[in-house]
Amino acid sequence: MPDFKLALAPSQLTQTINPWSWTFGNVSLFSINLGTSGAPGVETRVLNEVGSYGRQLGRIGEALAAVAAWAESQGMPETKAIQELRLQLEHIDIIRREEGLTAALPAATAAVKT
């Protein structure tokens with residue numbers, strides 16, 4: 001979970017890779033610290049050139065749902081982890097639709113067993 005800080009001091013003692021901070025000179029009104037990185041340059045480039053964390057996780061979720069659907073079609077029994085993954089992906093799709101976006105996984109989550 002990201003931690004939220006109100007920093008009124010002239011400088012901070014941490015380096016934050018954060019596209020969502022508001023600073024005025026050396027004073028930051030607030031920032032969202034997403035954690036530290038062992039390779040901040042690589043992380044910055046990945047965020048700028050590949051996609052946000054949400055986009056990366058979304059694509060991983062889509063790929064896992066497709067692999068799970070294929071594996072189940074080959075006879076693999078559905079596991080609790082796969083059920084929970086599908087429920088999370090469905091919840092994300094509900095949120096996307098509520099925000100006016102299209103669902104990311106219409107085919108992959110349609111096979112959810114209740």
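Counting from 1, the numbers follow the sequence of the chain as shown.
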Legend entry - For Val67, all residues meeting side chain to side chain contact (heavy atoms under 4.5 Å, CB included), sequence neighbours excluded: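 Scan of Val67 (side chain to side chain contact (heavy atoms under 4.5 Å, CB included), adjacent residues dropped) gives none.
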Inset, instruction - Find out if a path of hydrophobic residues (ILVMFWY) with successive side-chain heavy-atom gaps under 4.5 Å connects Leu101 to Ile92. - result: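 No; Ile92 is not reachable from Leu101 via cluster members.
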Inset, instruction - Please check if Tyr53 and Val50 belong to a single hydrophobic cluster, counting links between Ile, Leu, Val, Met, Phe, Trp and Tyr side chain heavy atoms closer than 4.5 Å. - result: no
Inset, instruction - Measure across Ala65 and Leu89 and return the closest heavy-atom pair with its distance rounded to 0.1 Å. - result: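 Nearest heavy atoms, Ala65 then Leu89: CB-CD1, 3.8 Å.
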Legend entry - Rounded distance (nearest 0.5 Å) linking atom CG of Leu57 with atom CD of Glu62: 11.0 Å
Inset, instruction - Go through the steps for Arg86 and Ile82 under the test side-chain contact (heavy atoms from CB on, under 4.5 Å), then give the verdict. - result: CA-CA 6 Å; Arg86 283 206 176 104; Ile82 297 298; 3.6 Å; yes
Legend entry - More than 12 heavy atoms of other groups within 6.0 Å of Arg45 CZ: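 No, CZ of Arg45 has 12 or fewer neighbouring heavy atoms, counting only those of other groups under 6.0 Å.
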Inset, instruction - Report, as yes or no, whether the 6.0 Å neighbourhood of atom CD on Gln74 holds more than 12 heavy atoms from other residues, nucleotides or ligands. - result: yes
Inset, instruction - Please say which of Val46, Asn48, Leu47 ends up in a side-chain contact (heavy atoms from CB on, under 4.5 Å) with Thr44. - result: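 Only one of Val46, Asn48, Leu47 forms a side-chain contact (heavy atoms from CB on, under 4.5 Å) with Thr44, namely Asn48.
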